[in-house]
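Take a look at the structure below.
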Amino acid sequence: MDVSDERFDELVEEALLGLPDALVEGVDNLVFVVEDEPEDGSDTLGWYDGVALTERDAYGYGQLPDRIVLFKGPLTRFCRDEDELFDEIEITLVHELGHYHGIDEEQLHELGWG
């Protein structure tokens, strides 16, 4: 499916605004980024790059924020229309926020977020 960068960003913002409060409350030093493709050439939809809350002490001065990266290419190739794309963006955000909160891959699949 073909979607402009601007529309993709709007869908990401809409999905972020609709996430459950329990999932986004207390989020600290985390940025959301959209990239075209994963560097490894895979079809990964999203990626959490950081240290999970369950494993970190505290951030120090000058420490870079954690990142949740959404990959536009794989997400748009995976979906047939904009509604499906929105749903997949939302699922991917929940999945990666789960990693931020310290939930591992197996637990995410058990919860239906995998």
Side-chain angles (χ1 to χ4, degrees):
M1 97 167 262
D2 188 31
V3 63
S4 71
D5 290 344
E6 294 79 18
R7 182 60 185 145
F8 190 87
D9 290 345
E10 288 173 2
L11 292 170
V12 171
E13 287 179 32
E14 288 175 35
L16 280 168
L17 290 173
L19 293 177
D21 289 342
L23 196 57
V24 293
E25 284 177 358
V27 168
D28 183 37
N29 210 28
L30 176 68
V31 296
F32 296 87
V33 178
V34 173
E35 294 183 3
D36 289 329
E37 299 288 339
E39 288 182 17
D40 64 3
S42 70
D43 285 329
T44 301
L45 304 179
W47 186 258
Y48 170 64
D49 178 26
V51 178
L53 290 178
T54 55
E55 298 176 14
R56 73 170 70 156
D57 292 327
Y59 279 101
Y61 177 75
Q63 191 167 3
L64 293 174
D66 290 0
R67 301 179 330 139
I68 288 179
V69 182
L70 297 177
F71 297 107
K72 181 183 175 198
L75 280 161
T76 56
R77 287 192 297 275
F78 186 73
C79 300
R80 292 181 301 255
D81 59 37
E82 196 170 288
D83 289 337
E84 190 175 340
L85 178 59
F86 176 82
D87 291 343
E88 198 58 48
I89 288 170
E90 189 174 54
I91 290 166
T92 303
L93 286 170
V94 168
H95 182 98
E96 302 311 331
L97 278 164
H99 287 311
Y100 169 82
H101 287 286
I103 302 172
D104 67 24
E105 203 68 36
E106 184 177 321
Q107 291 171 307
L108 285 168
H109 284 280
E110 288 172 6
L111 294 169
W113 297 341

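All residue numbers refer to positions in the sequence shown, counting from 1.
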Atom pair [atom1]/[atom2] of [X] and [Y] - distance to nearest 0.5 Å:
| X | Y | atom1 | atom2 | result |
| --- | --- | --- | --- | --- |
| E39 | F71 | CD | CZ | 7.5 Å |
| L19 | E90 | CG | CD | 6.0 Å |
| L70 | L16 | CG | CG | 7.5 Å |
| H95 | W47 | NE2 | CH2 | 9.5 Å |
| R77 | L45 | CZ | CG | 9.5 Å |
| E110 | I103 | CD | CD1 | 11.0 Å |

Using a strict threshold of under 4.0 Å (side-chain N to carboxylate O), is an ion pair present between R67 and E96? no
Does Y100 form a side chain to side chain contact (heavy atoms under 4.5 Å, CB included) with V24? I'd like the steps, not just the answer. CA-CA 10 Å; Y100 169 82; V24 293; over 6 Å; no
Chi angles and distances behind the side chain to side chain contact (heavy atoms under 4.5 Å, CB included) call for D43, F78: CA-CA 9 Å; D43 285 329; F78 186 73; over 6 Å; no
Would you say [X] and [Y] are hydrophobically clustered, going by side-chain heavy atoms of ILVMFWY under 4.5 Å?
| X | Y | value |
| --- | --- | --- |
| V33 | I68 | no |
| V69 | L75 | no |
| L53 | V31 | no |

Could you check L97 against L30 for side chain to side chain contact (heavy atoms under 4.5 Å, CB included), going step by step and ending with a plain yes or no? CA-CA 10 Å; L97 278 164; L30 176 68; 3.8 Å; yes
Per the side-chain contact (heavy atoms from CB on, under 4.5 Å) rule, which among M1, R80, K72 passes with L85? M1
Which atom names give the shortest non-hydrogen contact between [X] and [Y], and what distance separates them?
| X | Y | result |
| --- | --- | --- |
| I89 | F8 | CD1-CE1, 3.8 Å |
| G73 | E37 | CA-OE2, 3.3 Å |
| S42 | P38 | O-CG, 3.5 Å |

If only atom types and distance count, is the side chain of Q107 paired as donor or acceptor with the main-chain N or O of D104 below 3.5 Å? yes
Closer than 3.5 angstrom, by distance alone: can the side chain of Y48 be matched with the main-chain N or O of V51 as a donor-acceptor pair? yes
